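Residue numbers start from 1 in every chain, and the chains themselves are labelled A, B, ... in the order their sequence lines are given, proteins ahead of strands. Just so you know, these numbers come straight off a predicted model, no measurement behind them.
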Amino acid sequence: MAFWLMKSEPDEFGWHDLVARGAKGEEWGGVRNYQARNNMRAMVVGDLVFFYHSRSELAVVGVAEVIAPAHPDSTSDDPLWDCVDIRAKVALVRAVTLAEIKDDPRLSDMILVKNPRLSVQPVMPEEWRVVCELGGMAG
DNA sequence: GCCAACGTTGGC
DNA sequence: GCCAACGTTGGC
């Protein structure tokens, strides 16, 4: 099983929106970036995803789960774009802010820090563990 | 709201 | 195939 991080602007589609979708989850359509798409193509059902709020909140707020492997993005006619479906799994006990992540030397290699513009990115197992720990989770 | 950084596009 | 110009993203 692999770990990932996906971003969303909470004003557009936030954690509570994903929670509201329940077990049916949400098709993560609309991504038009090759790296992000390739990351989604590499996902398998059961992979875990940090859900990150960008721009207005800047924090990892919850853990989501991949519930459907990459398939054609229904928001595009172009076969170039695929996406996965995810559902909310559990909210972090406390949100882990970008500032905290930047402050923690164990997380200095996170793509979130190095390339903040990539909207779907892999997370190393050790990084996953540390962020869970900061978020009050067993990990 | 600003602007730096990044990815994409298109002219050459 | 290079690179300047452009649009978008996202931290501040």
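- Close approach of DNA chain B to chain A, defined as any atom under 4.0 Å from a non-hydrogen atom of the protein, starts and stops at B:dG1 to B:dT8.
- Salt bridge A:D85/A:K24: absent, no basic N to carboxylate O contact under 4.0 Å.
- With sequence neighbours left out, the ring pair (Phe, Tyr, Trp, His ring centres under 6.0 Å) criterion links A:F51 to A:W15, A:W28, A:H53.
- Salt bridge status for A:R37 with A:D82: absent, with no side-chain N to carboxylate O gap under 4.0 Å.
- With sequence neighbours excluded, no residue satisfies side-chain hydrogen bond (donor to acceptor under 3.5 Å, both in side chains) with A:Q35.
- Listed by first and then second residue, the ring pair (Phe, Tyr, Trp, His ring centres under 6.0 Å) pairs that reach into residues 67-107 of chain A are A:Y34-A:W81, sequence neighbours excluded.
- Applying the under-4.5 Å side-chain rule to Ile, Leu, Val, Met, Phe, Trp and Tyr, the cluster around A:V45 consists of that residue alone.
- With axes fitted over five pairs at each extremity, the angle between the ends of the helix from B:dG1-C:dC12 to B:dC12-C:dG1 is 0° (10° resolution).
- Among the protein residues, A:E9 comes within range of no part of the nucleic acid, since none of its heavy atoms lies under 4.0 Å from any strand.
- For A:W4 and A:N39, the side-chain atoms include no donor-acceptor pair closer than 3.5 Å.
- The nearest heavy atom of DNA chain B to A:N33 and to A:R55 marks one nucleotide each, and the one closer to the 5' end goes with A:R55.
- Of the possible donor and acceptor atoms, none in the side chain of A:S76 sits under 3.5 Å from a partner among the backbone N and O of A:D73.
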